[in-house]
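Since the model is a prediction, treat every value here as computed from it, not as a measurement. As the structure lists them, so they are numbered: ligands from 1, and atoms in each ligand from 1.
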Amino acid sequence: MQLIIAGKAHPEDQAGQALIQAWSHFIQRTEARPHVIFLSDYDMLLTEHLVQGVDVWINTPRRPWEACGTSGMKVLVNGGLNLSELDGWWAEAYTPEVGWALGDGLEHGDDPARNEIEAEELYALLEQKVIPEFYTRDKQGIPTDWVARMRESMARLTPRFSANRTVREYTERYYLPAATACRERAVDKGEMGARIVAWRNALDREWAKLRFGEAMIEQKGDRCLFEIQVYLDGLDPDAVRVELYAEGINGGEPVRVEMIRGPNLVGAENGYLFSAQVEAARPATDYTARVIPHLQGCAVPLETSKILWQR
Ligand SMILES: *Cc1c(COP(=O)(O)O)cnc(C)c1O
């Protein structure tokens, strides 16, 4: 086995520098010299050679410190296999058919015992799985199981972990809709753009004066009826939306129910009764009413982050 090490430590990263120093001491040992090399000045040119040349890419961060792991992705199209900690991209990508995994996918802080355990795991994997698979060859000298794993890795992972997919998704989900929205706003000498500016100015002018009045909650069988008074002062009622909000359960999506604007409140110039019904399964106290800006074609809260919560 040939171990090729490359990497850089940030000038402020003393632990990283000490690690590289420890490696350069280790590789000077006579028994290590034929098998280990450290390549200095890690940069994109060097990476290009590395990802094309290696058979196994080993990445051993301490979970959760791998930000992503792009270098492991670069290996894929070159037919290299990954043996890495279940962290960053590998926690998403790993299945037994495509490579090898270290760790249990859990976080253990900087418990030094963990280093020992995972070092043993790494040696065991290399000795018992990776190296035998690489050197088990058929009559033509082909490592058939290894080649099968390369094919699985390339076929399953390259479409998902590629810059092509990323750029396409950004283009389709964000850049093209943004370009369309920009064109819509420019039509008729920027009629819609002007409307947005007027809307935002009105929000700035009136927002501090908005207020909630009385709230009423009534259970009706398995439904719960919420009614709340909202005073909009000088603001066009169509410039906002009133909704009931509840946090998601167990990390799920939050619940947002639009409240319907009812009749003008007696004696108020621009006050309304808003109402909505929800299932009574959750306690009524889970729900809070809020006013948020609304304008067709405008992204809230991206373009205005105003919000008024019921107290
Ligand atoms: C890919 C690459 C990195 C990032 O590697 P990670 O595994 O994501 O940390 C850093 N430096 C160079 C030169 C690279 O080519």
*In terms of the angle between their ring planes, are Y170 and Y174 parallel, tilted or perpendicular, with boundaries placed at 30° and 60°?*
tilted
List the atom pairs, with distances to 0.1 Å, where a side-chain N or O of residues 139-151 and a protein N or O form a donor-acceptor pair under 3.5 Å, not counting sequence neighbours.
| from | atom 1 | to | atom 2 | distance (Å) |
| --- | --- | --- | --- | --- |
| R149 | NE | E133 | OE2 | 2.7 |
| R149 | NH1 | P96 | O | 2.7 |
| R149 | NH2 | E133 | OE1 | 2.9 |
| R149 | NH2 | E133 | OE2 | 3.4 |

*4.5 Å side-chain heavy-atom contact, L76 and S153*: yes
*For atom NZ of K129, is the number of surrounding heavy atoms from other residues, nucleotides or ligands below 6.0 Å larger than 12?*
no
Please tabulate, one line per pair, the protein nitrogen or oxygen atoms found under 3.5 angstrom from a nitrogen or oxygen of ligand 1, with distances to 0.1 Å, or say none if there are no such pairs.
| from | atom 1 | to | atom 2 | distance (Å) |
| --- | --- | --- | --- | --- |
| ligand 1 | 7 (O) | S71 | N | 3.3 |
| ligand 1 | 7 (O) | S71 | OG | 2.4 |
| ligand 1 | 8 (O) | T70 | N | 2.8 |
| ligand 1 | 8 (O) | T70 | OG1 | 2.7 |
| ligand 1 | 15 (O) | T47 | OG1 | 2.8 |
| ligand 1 | 15 (O) | K74 | NZ | 2.6 |

*Could I get the full list of side chain to side chain donor-acceptor pair (under 3.5 Å) partners for R160, not counting sequence neighbours?*
none
Side-chain donor-acceptor distances from residues 211-235 under 3.5 Å, at least two apart:
| from | atom 1 | to | atom 2 | distance (Å) |
| --- | --- | --- | --- | --- |
| Q219 | NE2 | G221 | O | 3.4 |
| R223 | NE | Q277 | OE1 | 3.4 |
| Q229 | OE1 | E214 | N | 2.9 |

